[in-house]
*Asks:* 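Below: one structure in structure tokens.
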Amino acid sequence: MVNPKLPAFFYGGDYNPEQWPEAIWQEDMRLFKLANINVATVAVFSWALLEPSEGQYDFTWLDKVMDMLYEKGMYACLATSTAAQPAWMSKKYPGILPVTIDGQKRKHGRRVNFCPNSLDYRRASQALVRQLALRYKDHPALVAWHVGNEYGTYCYCENCAKAFRQWLKERYGSLEELNKRWYTNFWGHTVYDWEEIVPPSHLSETFSRGYMEGTYFQGIAIDYNRFMSDSSLACYKGEYDIIKEVTPDIPVTTNLMGTFKPLDYFSWAKHMDVISWDNYPSNKAVMSNIAMRHDLMRGLKGGQPFMLMEQTPNQQNWQPYNGLKRPGVMRLWSYQAVAHGADTVMFFQLRQSRGACEKYHGAVISHAGHENTRVFREVSQLGEELKKLGDKILDSRINARVAIIFDWENWWATEYSSGPSIDLKYVPQVEKYYKAFYDMNIPVDMINEDADLSKYDIVIAPLMYMVKPGVNGRLEDFVKNGGTFVTTFFSGLVDENDLVVMGGYPGQLRQLLGIWVEETDALFPDMKNSIIISKPFGNLHGQYQCGLLCDIVHLEGAQALGAYGSDFYAGMPAITVNDFGGGKAYYVASDPEDAFIKEFVRYICDQKSIKPIMDVPDNVEVTQRIKDNTVFTFILNHNEHAVMVELGPQVQHELLSDKYLSGATVIPARGVFILES
Amino acid sequence: MVNPKLPAFFYGGDYNPEQWPEAIWQEDMRLFKLANINVATVAVFSWALLEPSEGQYDFTWLDKVMDMLYEKGMYACLATSTAAQPAWMSKKYPGILPVTIDGQKRKHGRRVNFCPNSLDYRRASQALVRQLALRYKDHPALVAWHVGNEYGTYCYCENCAKAFRQWLKERYGSLEELNKRWYTNFWGHTVYDWEEIVPPSHLSETFSRGYMEGTYFQGIAIDYNRFMSDSSLACYKGEYDIIKEVTPDIPVTTNLMGTFKPLDYFSWAKHMDVISWDNYPSNKAVMSNIAMRHDLMRGLKGGQPFMLMEQTPNQQNWQPYNGLKRPGVMRLWSYQAVAHGADTVMFFQLRQSRGACEKYHGAVISHAGHENTRVFREVSQLGEELKKLGDKILDSRINARVAIIFDWENWWATEYSSGPSIDLKYVPQVEKYYKAFYDMNIPVDMINEDADLSKYDIVIAPLMYMVKPGVNGRLEDFVKNGGTFVTTFFSGLVDENDLVVMGGYPGQLRQLLGIWVEETDALFPDMKNSIIISKPFGNLHGQYQCGLLCDIVHLEGAQALGAYGSDFYAGMPAITVNDFGGGKAYYVASDPEDAFIKEFVRYICDQKSIKPIMDVPDNVEVTQRIKDNTVFTFILNHNEHAVMVELGPQVQHELLSDKYLSGATVIPARGVFILES
Amino acid sequence: MVNPKLPAFFYGGDYNPEQWPEAIWQEDMRLFKLANINVATVAVFSWALLEPSEGQYDFTWLDKVMDMLYEKGMYACLATSTAAQPAWMSKKYPGILPVTIDGQKRKHGRRVNFCPNSLDYRRASQALVRQLALRYKDHPALVAWHVGNEYGTYCYCENCAKAFRQWLKERYGSLEELNKRWYTNFWGHTVYDWEEIVPPSHLSETFSRGYMEGTYFQGIAIDYNRFMSDSSLACYKGEYDIIKEVTPDIPVTTNLMGTFKPLDYFSWAKHMDVISWDNYPSNKAVMSNIAMRHDLMRGLKGGQPFMLMEQTPNQQNWQPYNGLKRPGVMRLWSYQAVAHGADTVMFFQLRQSRGACEKYHGAVISHAGHENTRVFREVSQLGEELKKLGDKILDSRINARVAIIFDWENWWATEYSSGPSIDLKYVPQVEKYYKAFYDMNIPVDMINEDADLSKYDIVIAPLMYMVKPGVNGRLEDFVKNGGTFVTTFFSGLVDENDLVVMGGYPGQLRQLLGIWVEETDALFPDMKNSIIISKPFGNLHGQYQCGLLCDIVHLEGAQALGAYGSDFYAGMPAITVNDFGGGKAYYVASDPEDAFIKEFVRYICDQKSIKPIMDVPDNVEVTQRIKDNTVFTFILNHNEHAVMVELGPQVQHELLSDKYLSGATVIPARGVFILES
């Protein structure tokens with residue numbers, strides 16, 4: 001939906017005038033205009049200024065900023081300031097301060113440093129939000145609401161313990177059911193009173209193992225993740241509801257963070273008017289991984305355009321090595337966001353801080369303070385281009401025949417697993433399959449287990465370890481109706497409580513896949529097996545390396561496409577396909593090298609006559625956004641050199657250069673085409 | 001001693017029927033019988049079910065299980081369930097929960113999560129044990145008791161501090177003595193009141209340095225290890241005494257864990273009727289290291305047969321990479337245990353859990369739930385074989401002329417040392433010497449410092465850093481009487497309080513060894529020296545690499561066999577031998593490469609005319625168990641291919657195949673022979 | 001100043017007779033005399049013995065020790081014993097025990113384990129010191145006072161929080177000023193009440209990132225470092241003032257630790273009569289790094305001779321690999337200290353402990369207890385030499401025309417920076433430049449930002465990130481008056497509160513350097529750029545590798561000496577020089593390989609006609625100490641082999657051998673010459 005007040009790409013970013021004397025604000029406005037900025041995100045961290053003591057509000061400076069923006073023809077994405085409570089509040093209500101997973105009570109500091117179940121926090125934040133909403137509801141500059149900031153703190157305090165017990169009562173009804181679901185007779189953990197339940201922390205059932213958390217009771221730990229995701233969501237939703245009550249027509253969002261593990265963004269998305277997210281790839285990022293995250297964010301609300309709420313115009317400050325974005329990269333990556341569904345291109349930050357930890361994070365206006373910088377020029381040029389694009393592309397959609405399932409609860413469960421291998425990680429498995437489609441320029445939707453599958457030809461579910469209720473039925477229907485389904489090793493094993501489905505792996509998926517997995521071997525990192533496809537299936541043949549896990553598979557109706565090359569299970573199926581109704585269900589029983597996945601994906605696409613949008617040289621990305629029969633084709637050259645692309649015989653309008661192109665055409669290094677047809 | 005109720009190999013494992021509906025129990029019985037299982041370990045973690053609220057016991061389900069086992073012709077190794085107190089108990093008696101070395105009070109969760117000095121824990125656990133003992137004392141299925149499970153938690157709570165002070169009063173009598181033993185005038189730590197003593201935690205005198213603990217006061221830290229080992233032992237012993245009072249004829253054990261550092265198993269063994277232990281090697285394990293642990297467990301009670309209480313039939317879940325045991329490996333490794341003195345072969349677990357952290361640990365009955373699996377077939381075959389062996393081998397012994405000293409207190413002291421090198425680790429040094437004998441198929445007893453040495457020809461004491469009172473005298477007597485003694489660098493330095501023996505290293509061992517060690521050089525990992533033996537001693541000559549530490553040795557009666565090859569101490573003695581009475585005392589002044597140790601061990605064996613049991617190809621292990629003049633020779637082929645072994649002219653009965661063999665005979669890959677003669 | 005009681009090199013070390021029975025003391029005296037020792041540092045950790053209960057003092061044993069020393073012709077460096085409070089005190093006044101950065105209350109143990117703001121600690125320590133001072137003020141053995149020991153503990157307790165608030169009030173006067181300086185509007189951290197301020201710990205604003213600490217608010221963290229350095233200093237000063245009141249003529253020191261980050265030693269030095277420090281290089285130490293630390297210690301009090309308070313005669317115990325000092329190394333390194341300004345050569349320790357963590361630290365008298373050791377002989381020989389040198393060299397000075405700025409506050413600020421690179425470390429950058437001069441045998445003074453620059457020709461300020469008030473003006477005056485100034489990338493950015501100087505980098509240094517740094521690229525460790533000097537400047541030309549950070553520089557009056565070789569800023573200035581008044585200001589915009597720094601330093605020295613003291617082979621170090629027109633030239637051969645040095649035509653007296661040398665002369669492996677001329 002195009003914003004009626006500002007029917008254009010939102011272009012701007014986080015702006016913190018409260019860090020500066022007023023004298024600078026006027027200069028900021030001049031520079032914003034020069035940079036073709038039309039939206040500033042304000043008041044992200046202003047609670048202490050807006051409410052200097054309890055119940056006493058002071059909006060003077062914010063009034064001025066809002067007015068000034070509007071006077072200069074700009075708009076405000078108004079934040080609720082609740083991501084960091086004032087110091088006086090932490091002191092007055094120490095219950096607001098969270099307790100870490102190591103059992104330590106935090107002190108005031110940092111940000112998102114509150115217990116999400118603190119009623120004091122919720123009351124005070126909602127009171128502020130009501131004040132803000134009432135004060136600015138009719139302000140002409142207001143175009144969007146930005147609730148909190150980068151939610152995600154987990155807390156383990158007594159207050160959370162109480163709330164957790166309540167949450168469990170609602171989920172399970174009885175202790176009998178809870179004992180069953182958590183499998184508490186294991187290690188004699190049977191619970192006879194709700195009060196005996198303690199949050200799973202490093203002092204009880206969990207432990208740290210490098211960057212991943214381990215647990216002795218997966219069921220408890222997964223439920224605590226759900227509960228904590230819900231708890232932060234309740235904070236968000238408390239604010240959201242007040243805002244919608246007061247300004248029902250202004251879109252509300254909060255800035256998400258891509259594949260951020262602590263929060264189940266699919267459950268959050270239901271309560272957001274529009275998805276927004278912060279994209280901070282390193283200079284060594286793999287482009288397909290960024291693309292996947294854009295598609296995931298788009299997928300959260302079923303394909304609805306999203307906001308790129310934050311990116312840096314040149315460098316980060318918090319990564320180990322914060323290299324500069326090379327000339328053209330900021331523009332290229334901004335268009336990549338648009339190419340994947342963004343209708344907004346925003347930066348963190350508009351003016352660079354003088355002090356504290358983000359002062360070496362890039363900004364539109366650097367410490368130099370003027371417009372004569374490479375970064376400012378690039379920002380200004382991009383603003384100019386986006387302005388020219390007008391509302392043409394806005395609210396257009398992407399049509400994908402392929403979907404990849406990405407599910408937070410499955411992610412949590414997979415990585416809480418004790419065994420078979422500590423190298424079992426969810427996101428990299430999803431990224432591998434995504435990359436194969438990306439490299440072929442075949443559009444992909446990122447969906448979760450609950451999604452409607454009927455619109456897809458191919459559905460891939462890498463590491464679908466947890467199969468939630470109803471999912472298997474929908475998958476079977478999808479395949480019966482002709483769909484192609486692919487899943488991998490270590491799939492189908494457990495239900496939503498991480499209880500193994502008895503009778504043989506892959507559990508609920510066994511019939512669909514037509515196999516029985518008897519055992520799963522775990523390989524040391526220096527060990528490899530291979531997948532041998534001796535009889536070609538289309539393009540699929542030859543020998544490929546595999547590792548990590550090797551399922552030992554027996555066929556129960558499925559057919560083996562490839563077999564293991566070595567070890568005592570040499571010759572046993574490593575890749576299988578099962579004809580199920582009108583469709584096919586594939587099983588990849590080990591973790592193959594990328595070259596296999598590439599050929600395999602090409603094979604299943606061929607079977608479904610799914611073709612690349614265009615055939616282009618390596619590292620050239622192509623997507624399409626469609627609106628009312630108009631197709632916008634994005635061609636992004638990620639190479640550091642110009643390449644030739646074949647645009648075909650039909651002349652198309654390239655919107656950025658305003659040229660009409662056809663046939664073999666040179667796209668410059670890091671260049672972008674947006675072809676309208 | 002052969003169990004009169006079940007005069008056969010115990011074969012079975014941990015069984016947790018309380019995790020399953022009763023409907024499944026009957027199926028379990030059928031499968032157990034099919035697998036030739038005769039013993040199930042039950043009630044390991046059942047406290048919460050057996051005592052749902054304080055003092056109210058419910059044995060209904062356990063009665064059924066015990067009866068059912070007996071009805072089906074099977075027996076119970078009955079556990080006391082005290083390794084995990086119920087949640088209600090942790091809540092009611094929070095003093096039961098331990099405090100970590102980092103000073104954090106634990107919450108309910110995990111297992112062995114109790115303060116071993118909690119009187120509430122001891123009272124409650126003993127009350128349960130009395131109930132169990134009284135109830136099942138006459139049950140025909142009862143063949144053994146299994147107290148607790150894998151003891152070993154250290155606690156640092158105030159209650160432990162009090163108990164520690166009492167323990168110290170009993171050990172030292174006066175503060176004057178304690179100050180002297182702990183050397184408290186160092187850093188002004190003199191104590192004037194018992195109450196001033198605090199447990200050595202990360203908040204006081206200790207610190208973590210990677211996987212090892214460091215300390216500023218070795219004397220305090222070693223005493224706390226002793227005290228904590230004693231504290232857990234007191235928990236065990238409290239249960240043991242009640243059981244023996246009620247069922248004096250049923251053997252009692254608790255499952256140990258091999259080279260488990262926190263507990264001094266030699267002091268525990270005195271209070272165990274039979275040793276049992278859990279053997280969980282990784283797929284990359286070195287076979288001699290497993291063998292050494294079997295021998296150590298056998299050595300705990302002076303050679304008495306032990307129980308292999310737990311091993312996995314296929315894979316673990318808690319190691320980083322939990323590979324499958326290849327076909328035949330479970331059988332081979334089971335016989336390895338028997339070959340080293342086990343009269344029991346048990347698994348963890350009989351039926352695989354559906355939930356929680358051990359659900360991907362291997363089991364006899366997998367999640368598939370039936371007998372048609374590789375693992376079940378292998379288990380069943382082994383059960384069949386063991387059944388056929390009857391009681392023939394039971395209670396037979398191993399005769400060794402060589403002993404290696406392994407001492408927990410010495411281990412603790414060595415690795416608490418601040419300097420000379422963080423790479424100074426005890427167990428690997430012991431393993432190196434053990435391996436040399438293992439590779440030659442020469443039997444070894446693992447003994448501690450207090451053992452009677454008179455039955456041995458050779459005694460090796462690698463890294464005998466701490467020499468406890470009386471030990472030196474016994475060593476001197478041993479050598480005087482013709483024995484061969486070998487020790488290494490960094491030996492003889494301290495007494496039982498880690499106080500240096502003044503006057504010159506190696507302290508108490510100086511006279512026996514006939515040397516004075518003036519200094520000890522520590523080499524960086526990238527530095528090496530060499531040992532040069534220019535004049536051959538038997539097979540011993542040539543040049544070998546050495547590193548880690550290099551003692552600078554002066555001869556005081558001893559003779560140099562080898563000298564350093566480089567650095568400022570080049571030419572000084574690196575290997576010495578001292579004629580002492582009728583025997584010889586050797587000193588290895590640095591850490592040599594394995595090739596040297598191999599030749600050195602061969603040399604001292606030649607001197608004593610100690611020969612391999614048999615000459616066999618590499619990776620073939622040979623042991624002998626002897627009973628009433630019958631010798632059972634075990635030949636284990638650890639190779640993944642068949643090899644030829646020369647069995648000699650005499651025809652021998654191979655018990656597993658029931659064939660009569662002699663001369664050159666092929667033993668298959670991973671094959672086992674048990675020859676009776 | 002030469003000590004009137006003992007006008008000679010102090011030679012001896014830490015002596016802990018309280019760890020030994022009196023019977024041993026007489027033997028110690030004999031051995032000390034044999035080793036030519038004249039000073040023993042006593043009572044470093046004797047508080048518990050000196051004050052066995054509150055207010056009750058017992059000096060009996062110390063009286064005996066002091067008397068015995070004097071009777072044998074030796075002197076005492078008398079310590080105040082306050083580095084480790086007695087256990088009874090920790091128990092009686094638990095507020096003395098500190099709270100760690102992780103928020104954990106420490107228990108009794110270790111040393112320097114007190115809250116530096118504890119009034120109980122200060123009262124009790126000062127009471128003890130008054131007793132000591134009054135008792136021994138007229139003791140003839142007393143030649144120096146040694147306050148505490150290796151200060152440096154940071155505490156985060158409530159008491160420190162209160163003291164911090166008071167310190168801030170004094171520093172900033174008002175909360176308005178504090179909010180401005182700390183930039184608290186960032187993340188809404190505005191403070192309205194002093195009580196809202198909490199120390200920056202891991203529970204509030206800081207976090208651990210490997211061996212460095214990170215922070216979200218640099219301004220707060222830097223102030224806490226200042227405050228903690230001041231807090232420990234207040235403990236020291238409290239003792240110092242009492243001592244000076246009682247014994248105004250006896251010099252007072254405390255042993256520092258070189259580049260020890262927690263304490264700003266330049267601010268400490270103002271309150272010390274003489275600097276002393278503990279030098280513990282590993283066997284893999286780079287010699288220039290040791291030399292730099294000696295020069296830094298000398299620089300703390302503007303070139304005044306310092307005491308080498310501790311070094312080991314053979315090996316340490318607390319490093320990972322504690323190798324022996326090879327024969328001659330202890331002597332060589334002792335003379336290196338003297339060559340850089342030490343008038344004292346002392347050891348830790350005189351007699352090796354029997355127990356606790358330092359028992360494997362080297363000592364003059366080893367556990368063997370006699371004089372027949374390599375180490376004792378080396379110590380004795382060195383003592384003999386030093387005795388022969390008499391007071392000749394004492395109180396002589398080093399003349400340097402080059403100064404390198406080393407500033408603790410800048411160090412803290414640089415490494416607290418969030419971005420651009422985690423590899424940005426201060427000390428290695430200083431070491432690189434120091435090494436270039438060291439390798440050329442050009443003397444260097446280590447000074448801080450506040451130092452008087454007028455006596456130098458060249459001033460180098462590597463990584464001068466923080467420029468404190470007044471510094472820029474002094475630098476500009478220095479260059480105007482003909483000086484050569486060199487600074488590097490990431491310099492000039494912030495003021496003393498880590499607030500960026502607005503308008504363009506390098507901030508305050510911009511005019512002096514004549515450049516504007518638009519951006520700073522951070523390179524991954526595997527990335528490199530190069531510096532190309534195509535037009536030779538003297539010896540300076542060719543191509544050099546650089547990395548870490550690359551400033552993108554625009555000339556504003558300066559001239560480019562070299563340019564980047566690659567990336568989008570290829571061809572832009574990488575090395576610049578600005579003519580400013582009569583001098584030159586250089587900027588090194590990236591982190592070059594050592595080969596470049598070597599040539600660059602040679603170039604600027606050539607420009608100033610600064611020559612090496614002597615031309616000598618590699619790894620031969622040459623320094624000069626000057627006194628009343630006598631020049632003492634130290635030649636130290638760090639090679640493990642003899643080398644030839646050219647001493648010139650003039651015959652000079654070599655003091656150690658008492659020979660007269662000239663022309664080409666062989667200096668033995670690890671040999672030392674002290675030439676008088």
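Atom set for the values below is all heavy atoms of this structure, side chains included, hydrogens, waters and symmetry mates excluded. Every value quoted in this text rests on a predicted model; they were computed, and no experiment measured them. Lettering follows sequence order; numbering is per chain, from 1.
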*Asks:* Among C/S46, C/P52, C/S81, C/S53, which residue forms the greatest number of heavy-atom pairs with chain B at distances under 4.5 Å?
*Replies:*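 Looking at each option in turn, the highest pair count goes to C/P52.
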*Asks:* Report yes if the side chains of C/V375 and B/E518 come closer than 4.5 Å at any heavy-atom pair, otherwise no.
*Replies:*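 In short, these two side chains do not touch, never coming nearer than 4.5 Å.
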*Asks:* Relative to chain C, which segment of B/F568 carries a heavy atom at a distance below 4.5 Å: side chain, backbone, both, or neither?
*Replies:*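 The side chain, not the backbone.
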*Asks:* I'd like to verify something: which residue of C/S90, C/A368, C/G369 has the highest number of heavy-atom pairs under 4.5 Å with chain B?
*Replies:*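 The answer is C/A368.
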*Asks:* Who wins among C/P320, C/G362, C/S353 for the most heavy-atom pairs under 4.5 Å with chain B?
*Replies:*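 Most heavy-atom pairs under 4.5 Å with chain B: C/P320.
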*Asks:* Chain C heavy atoms under 4.5 Å from B/Y416: which part of the residue, side chain, backbone, both or neither?
*Replies:*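 Neither part.
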*Asks:* Let's test your reading of the structure: which of C/L50, C/D102, C/L49 forms the most heavy-atom pairs below 4.5 Å with chain B?
*Replies:*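 Answer, by heavy-atom pair count under 4.5 Å with chain B: C/L49.
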*Asks:* Go through B/Y505, B/W182, B/F217, B/F207 and name the one with the most non-hydrogen pairs under 4.5 angstrom from chain C.
*Replies:*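 Top option by heavy-atom pairs under 4.5 Å: B/Y505.
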*Asks:* Report which part of C/N314 has an atom under 4.5 Å of a heavy atom belonging to chain B: side chain, backbone, both, or neither.
*Replies:*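 Looking at C/N314, just its side chain touches chain B.
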*Asks:* Are any of the side-chain heavy atoms of C/Q19 and B/W187 separated by less than 4.5 Å?
*Replies:*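 No; the side chains remain at least 4.5 Å from each other.
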*Asks:* Ring pair (Phe, Tyr, Trp, His ring centres under 6.0 Å), that's the test. Do B/W516 and C/H370 meet it? Break it down for me.
*Replies:* CA-CA 13 Å; B/W516 169 44; C/H370 55 62; 5.2 Å; yes
*Asks:* Name the option with the most non-hydrogen atom pairs under 4.5 Å to chain C; the candidates are B/T520, B/L548, B/N497, B/V517.
*Replies:*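 Ranked by contacts with chain C, first place is B/T520.
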*Asks:* Counting only heavy atoms not in B/K180, do more than 12 fall under 6.0 Å of its NZ?
*Replies:*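 Open: at most 12 neighbouring heavy atoms sit under 6.0 Å from NZ of B/K180.
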*Asks:* Using heavy-atom distances under 4.5 Å, tell me whether B/L499 contacts chain C through its side chain, its backbone, both, or neither.
*Replies:*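 Its backbone and side chain both get close to chain C.
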*Asks:* Nearest 0.5 angstrom please: B/Y156 OH to C/K107 NZ, how far?
*Replies:*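 Between atom OH of B/Y156 and atom NZ of C/K107 there are 12.5 Å.
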*Asks:* Any Lys/Arg nitrogen of C/K91 or B/D193 sitting under 4.0 Å from an Asp/Glu carboxylate oxygen of the other?
*Replies:*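 Here C/K91 does not pair with B/D193 in a salt bridge, since their nearest N and O are not under 4.0 Å apart.
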*Asks:* Which atom names give the shortest non-hydrogen contact between B/V500 and C/K359, and what distance separates them?
*Replies:*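 Nearest heavy atoms, B/V500 then C/K359: CG2-CD, 3.6 Å.
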*Asks:* Measure the spacing between NZ of C/K92 and CD of B/E196 and express it to the nearest 0.5 Å.
*Replies:*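 The distance works out to 11.0 Å.
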*Asks:* Give a yes or no on whether a salt bridge exists between B/E519 and C/R374, defined as a side-chain N under 4.0 angstrom from a carboxylate O.
*Replies:*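 C/R374 and B/E519: salt-bridged.
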*Asks:* Any idea which heavy atoms bring C/A48 and B/Y192 closest together, and the distance?
*Replies:*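 That closest heavy-atom pairing would be O-OH, 2.6 Å.
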*Asks:* Can you tell me which portion of B/I552 sits under 4.5 Å from chain C's heavy atoms? Options are side chain, backbone, both or neither.
*Replies:*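 Side chain of B/I552 only, per the 4.5 Å heavy-atom cut-off to chain C.
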*Asks:* Taking the six-membered ring for Trp, are B/H189 and C/H108 parallel (under 30°), tilted (30 to 60°) or perpendicular (over 60°)?
*Replies:*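 Rings of B/H189 and C/H108: tilted, as their planes differ by 30° to 60°.
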*Asks:* Less than 4.5 Å to any heavy atom of chain B: does that hold for the side chain of C/E358, its backbone, both, or neither?
*Replies:*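 Both backbone and side chain.
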*Asks:* Measure across C/Y321 and B/D423 and return the closest heavy-atom pair with its distance rounded to 0.1 Å.
*Replies:*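 Smallest heavy-atom distance, with atoms named: OH-OD2, 2.8 Å.
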*Asks:* C/A356, C/A84, C/S366: which one forms the most heavy-atom pairs within less than 4.5 Å of chain B?
*Replies:*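 Of C/A356, C/A84, C/S366, C/A356 has the most heavy-atom pairs under 4.5 Å with chain B.
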*Asks:* Which residue out of B/G503, B/P199, B/G103, B/G214 racks up the most heavy-atom pairs below 4.5 Å with chain C?
*Replies:*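 Option with the greatest count: B/G503.
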*Asks:* Counting only heavy atoms from other residues, nucleotides and ligands, does the tally under 6.0 Å from CD of B/E195 exceed 12?
*Replies:*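 Correct, the count exceeds 12.
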*Asks:* What part of C/S282 is in contact with chain B, defined as an atom under 4.5 angstrom from a non-hydrogen atom: side chain, backbone, both or neither?
*Replies:*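 Answer is side chain: those atoms of C/S282 sit under 4.5 Å from chain B.
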*Asks:* Charged N to carboxylate O under 4.0 angstrom, B/D498 versus C/R354?
*Replies:*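 A salt bridge is absent here (no side-chain N lies under 4.0 Å from a carboxylate O).
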*Asks:* Just so I understand: if I count every heavy-atom pair under 4.5 Å between each of B/C550, B/A221, B/P420 and chain C, which residue has the most?
*Replies:*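 So the answer, after comparing B/C550, B/A221, B/P420, is B/P420.
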*Asks:* Kindly give the heavy-atom pair with the smallest separation between B/S418 and C/N317, and that separation in Å.
*Replies:*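 Here B/S418 and C/N317 meet closest at OG-ND2, 2.6 Å.
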*Asks:* Taking B/T215, B/D521, B/V501 one by one, which has the highest count of heavy-atom pairs under 4.5 Å against chain C?
*Replies:*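 The answer is B/D521.
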*Asks:* Enter the distance from C/E18:CD to B/F186:CZ here, rounded to the nearest 0.5 Å.
*Replies:*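 So the CD of C/E18 and the CZ of B/F186 are separated by 10.5 Å.
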*Asks:* Please report the interatomic distance CZ(C/F45) to OG1(B/T184), rounded to the nearest 0.5 Å.
*Replies:*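 The CZ atom of C/F45 sits 14.0 Å away from the OG1 atom of B/T184.
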*Asks:* Got a sec: does the CD of C/E158 have more than 12 other heavy atoms crowding it under 6.0 Å?
*Replies:*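 Not more than 12 within 6.0 Å, no.
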*Asks:* How far does CD of B/E205 sit from SG of C/C357, to the nearest 0.5 angstrom?
*Replies:*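 The SG atom of C/C357 is 8.5 Å from CD of B/E205, to the nearest 0.5 Å.
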*Asks:* Which answer fits C/Q315, side chain, backbone, both or neither, if we ask what part of it has an atom under 4.5 Å from a heavy atom of chain B?
*Replies:*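 C/Q315 touches chain B through side-chain heavy atoms alone.
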*Asks:* For B/K169, look at atom NZ and say whether over 12 heavy atoms of other residues, nucleotides or ligands are found less than 6.0 Å away.
*Replies:*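 Count over threshold, so yes.
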*Asks:* Check B/G419 against C/N322 and note the closest heavy-atom contact, atom names and distance.
*Replies:*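 Minimum heavy-atom separation between B/G419 and C/N322: CA-ND2, 3.8 Å.
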*Asks:* Which region of B/N179, side chain (C-beta onward) or backbone (N, CA, C, O), has a non-hydrogen atom less than 4.5 Å from a non-hydrogen atom of chain C, or is it both or neither?
*Replies:*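 Contact with chain C: none, neither part.
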*Asks:* Between B/D526 and C/K284, is there a salt bridge with N-O shorter than 4.0 Å?
*Replies:*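 Salt bridge: yes.
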*Asks:* Answer whether the closest heavy-atom distance between the side chains of B/N185 and C/N16 falls below 4.5 Å.
*Replies:*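 Heavy-atom side-chain distance check fails, nothing below 4.5 Å.
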*Asks:* Given the rule in the side-chain contact (heavy atoms from CB on, under 4.5 Å) test, do B/M502 and C/W20 qualify, once you have shown the distances and angles that lead to the verdict?
*Replies:* CA-CA 12 Å; B/M502 300 305 292; C/W20 302 95; 3.7 Å; yes
*Asks:* Can you tell which part of C/W47 gets under 4.5 Å to a heavy atom of chain B, answering side chain, backbone, both or neither?
*Replies:*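 Answer is neither: C/W47 stays 4.5 Å or more from chain B.
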*Asks:* Examine distances only and state if a side-chain atom of C/Q104 and a backbone atom of B/L203 form a donor-acceptor pair shorter than 3.5 Å.
*Replies:*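 Between the backbone of B/L203 and the side chain of C/Q104 there is no qualifying donor-acceptor contact (under 3.5 Å).
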*Asks:* To the nearest 0.5 Å, how far apart are CZ in B/F490 and OH in C/Y360?
*Replies:*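 Between B/F490 CZ and C/Y360 OH, I get 4.5 Å after rounding to 0.5 Å.
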